[in-house]
**Q** 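Dropping a structure here in C-alpha cells format, bear with me for questions.
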Amino acid sequence: MSISAVTALLLLSGTPPTAADVAPDNPTEIQSQRLAGDPLPPLVVPTIEQTPSPSPLPSSSPVATEPSSGEPPVETPGAPNEIVVTARGDAPPGDPLQAINIESYRAVQAIDSALVGPIAMGYQSIVPEPVRDGVGNALRNLTEPVNFLNYLLQFKIGKAAETLGRFAINTTFGVGGLFDVAKKKPFNLPYRRNGFANTLGFYGVEPGPFFYLPLFGATTLRDMAGNGLDMLVLPTAIGKPFNRPAYAVPTTVVRALNDRIERDAEIERLQNESIDPYVEVRTLYLEMRRREIDALKGTVPSLPAAPPAETTSLPADAPIDPALPVVGAPVDIATPPADDRPPP
C-alpha cells in the first residue's frame, strides 16, 4: 500500500500517525522513502544552492567582464596614461594591409636576429662610446637645416631661430657637430627634431594607412612622404657630397647601427614579454606620432574611453603564438626625452 493509504487507515482507527509516516511540511527536506512491495521509485527533490557573488575588484584596475548574451568579454579602460593594446582580429581601418605588414614584421625580426643585431652589438663592442657619440652628433647636426626649415613652415619663428643658432654653435665650436656644445651652459639649446611629416600633420594631413617596411620599420603613408622630403633637402640644396652614394651609404649604415643599439632593450622586451609584438609596435608608434603632432599644434585633446577589446582566454600551459588574436596588458607610453619632443 502507498503512504497515503496507510495514513488514512490510521486516522480512521483513531491512532495518531507517527513522525515517520507523515511527510515533512518543507518540501525541500523530503527524503526518498520506499516501503516493501511499493512499486513507485523513490522521490528525489533537488535543493537549489545559492552562492554569494564574489566581491568586486577595485575600480582602478582594468578587468574583463563576461556578458550574459555570449558576446566576447569587454575590457574596461585603464588609467589615462595607459594604452590598451586590443586584439589583432580583423584588420583595423588604419591598417588595411595588416596581413602583409605582419609578414614583413616577421621577416625583419628574423633578419635582425640573424644579422643586424649581431653586427650592431659587434660595432658597439669594437667602437668606443665617445667615438660613436661623436659620429652620431655630427650626423644629427646635419639634420638641423631640415628642422629649421620646417619650423619656418609651421610659423614657429622662435624655435627656428634657436635651431639655426644650435647649428651654427655646434658646427663651429663643436668641431663640425662632433660635440653637442649648444645643449650645455651658457647656451642651453636642446635638440628638437622636426620634419616634413610633422609639417603635413600640423596642417591637418591624416596619417593614412600604417605600414611596416624593411629599412623603415613602422611608418604611415604621411610619414613616408615627409621623411622622403627630408632626405632630399641636403642633396638638392647643397649637392656634393650629399648626393653621392659614397656619402649616403656609410652614413645610413652608421645611423642604422646607432639606432639599433639604442633600441636593443626595447626589442628584447618585445620578443620576450609581449604577447603580440606587432600590435604593440603599431599601437605605440601611432600614439607617439599623434602626441607629437598634438604638441606641435599646442592642443591637448581629451582622452576618449578605450574601445572594447576582444579577448581570447588561453590555457595556462598553451604555447604563445604571435598569430593568435590575444589582448595584451595596458601599455604605458613612454614620454620622449625633452631633446626629441617637438615644442608646443
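Side chains included, hydrogens not; waters and symmetry mates left out as well; all remaining heavy atoms used.
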**Q** Work out which heavy atom in V146 is nearest to a heavy atom in G195; give both atom names and the distance.
**A** CG1-CA, 4.4 Å

**Q** Under a 4.0 Å threshold between the charged nitrogen and the carboxylate oxygen, would D294 count as salt-bridged to R290?
**A**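 A salt bridge is present here (some side-chain N lies under 4.0 Å from a carboxylate O).
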
**Q** Taking salt bridge (Lys or Arg N to Asp or Glu O under 4.0 Å) as the cut-off, I'd like each qualifying pair that reaches into residues 212-226, sequence neighbours left out, listed once.
**A** D223-R289

**Q** In the hydrophobic clustering (ILVMFWY, side-chain contacts below 4.5 Å, transitive), which residues join L221, or is it alone?
**A**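 Noted: L221 shares its cluster with L97, I100, F211, L213, L215, F216, M224.
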
**Q** For the pair N147 (side chain) and R193 (backbone), establish whether a donor and an acceptor sit closer than 3.5 Å, ignoring hydrogens and angles.
**A**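 Answer holds: no.
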
**Q** May I ask whether Y278 and M288 are part of the same hydrophobic cluster, defined by side-chain heavy atoms of I, L, V, M, F, W, Y residues being less than 4.5 angstrom apart, directly or through others?
**A**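 Yes; M288 is reachable from Y278 via cluster members.
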
**Q** Each residue besides F167 in its hydrophobic cluster should be listed here, by chain and number; the cluster joins Ile, Leu, Val, Met, Phe, Trp and Tyr at side-chain heavy-atom distances under 4.5 Å.
**A** none

**Q** Do you reckon F179 sits in the same ILVMFWY cluster as I169, going by side-chain contacts under 4.5 Å, direct or chained?
**A**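 Yes, same cluster.
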
**Q** Under the side-chain contact (heavy atoms from CB on, under 4.5 Å) rule, what do V233 and L229 come out as? Steps first, then yes or no, please.
**A** CA-CA 7 Å; V233 170; L229 292 174; 5.9 Å; no

**Q** Taking the side chain as every heavy atom from C-beta outward, state whether V253 and Y123 have any atom pair closer than 4.5 Å.
**A** no

**Q** Could you tell me whether F155 atom CZ has more than 12 heavy atoms of other residues or ligands within 6.0 Å of it?
**A**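 Incorrect, the count does not exceed 12.
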
**Q** I'd like to check P277 versus Q109 (side-chain heavy atoms, cut-off strictly below 4.5 Å). Are they in contact?
**A** no

**Q** Between Q154 and N194, is there a side-chain heavy-atom distance shorter than 4.5 Å?
**A** yes

**Q** I'd like to check the side chain to side chain donor-acceptor pair (under 3.5 Å) partners of T143; sequence neighbours left out, ordered by chain and number.
**A**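 T143: side chain to side chain donor-acceptor pair (under 3.5 Å) contacts with Y191.
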
**Q** Please identify each residue that fulfils side-chain contact (heavy atoms from CB on, under 4.5 Å) with D112, with sequence neighbours left out.
**A**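 With sequence neighbours excluded, D112 shows a side-chain contact (heavy atoms from CB on, under 4.5 Å) to V116, R260, I267, given in chain and number order.
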
**Q** Quick check: closest heavy atoms across P96 and G94, and the distance to 0.1 Å?
**A** CD-C, 3.5 Å

**Q** With K185, which residues qualify under side-chain contact (heavy atoms from CB on, under 4.5 Å), at least two apart?
**A** N188

**Q** With sequence neighbours left out, which residue pairs that include part of residues 129-139 fulfil the side chain to side chain donor-acceptor pair (under 3.5 Å) condition?
**A** none

**Q** Do you know which two heavy atoms are closest between Q98 and P92, and how far apart they sit?
**A** OE1-CD, 3.7 Å

**Q** Using the rule that Ile, Leu, Val, Met, Phe, Trp and Tyr join whenever any side-chain heavy atoms are under 4.5 Å apart, tell me whether L142 and M231 fall into a single cluster.
**A** no

**Q** Check this for me: Q271, atom CD, are more than 12 non-hydrogen atoms of other residues, nucleotides or ligands nearer than 6.0 Å?
**A**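 Enclosed: over 12 neighbouring heavy atoms sit under 6.0 Å from CD of Q271.
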
**Q** Checking L164 now: which residues fulfil side-chain contact (heavy atoms from CB on, under 4.5 Å) with it, not counting sequence neighbours?
**A** F148

**Q** Grab the two heavy atoms, one from N227 and one from A197, that are nearest each other, plus how far apart they are.
**A**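 Between these two residues, the closest heavy atoms are OD1-CB, 4.3 Å.
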
**Q** Under a 3.5 Å threshold, yes or no: a donor from one side chain and an acceptor from the other, between N150 and N198?
**A**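 Note: N150 and N198 side chains miss the donor-acceptor criterion.
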
**Q** So, using side-chain contact (heavy atoms from CB on, under 4.5 Å) as the criterion, who are the partners of V281 when residues are at least two apart?
**A** Y105, Y212, A218, L270

**Q** Linking I/L/V/M/F/W/Y whenever their side-chain heavy atoms sit closer than 4.5 Å, directly or via other members, would L232 and L149 fall into one cluster?
**A**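 No, separate clusters.
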
**Q** For a quick test of reading the model, state the closest non-hydrogen atom pair linking A138 to L178 and the distance between them.
**A** CB-CD2, 4.0 Å

**Q** At what distance, to the nearest 0.5 angstrom, does OH of Y203 lie from CD1 of I293?
**A** 12.0 Å

**Q** On a heavy-atom basis, which atom in F173 and which in V181 lie closest, and how many Å separate them?
**A**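 Closest approach of F173 to V181: O-CG2, 3.9 Å.
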
**Q** Excluding sequence neighbours, so at least two apart, what forms ring pair (Phe, Tyr, Trp, His ring centres under 6.0 Å) with Y247?
**A**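 Testing Y247 for ring pair (Phe, Tyr, Trp, His ring centres under 6.0 Å), a comparison that skips the adjacent residues, returns F242.
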
**Q** Please check if I238 and F196 belong to a single hydrophobic cluster, counting links between Ile, Leu, Val, Met, Phe, Trp and Tyr side chain heavy atoms closer than 4.5 Å.
**A**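 Cluster IDs for I238 and F196 differ.
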
**Q** Apart from V205 itself, what residues make up its hydrophobic cluster when side-chain heavy atoms of I, L, V, M, F, W and Y under 4.5 Å apart count as a link, directly or indirectly?
**A**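 In the cluster with V205 are L200.
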
**Q** Which pairs count as side chain to side chain donor-acceptor pair (under 3.5 Å) when at least one residue sits in residues 162-172, sequence neighbours excluded?
**A**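 The answer is N141-T171, E144-R166, E162-R192, R166-D180, N170-D180.
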
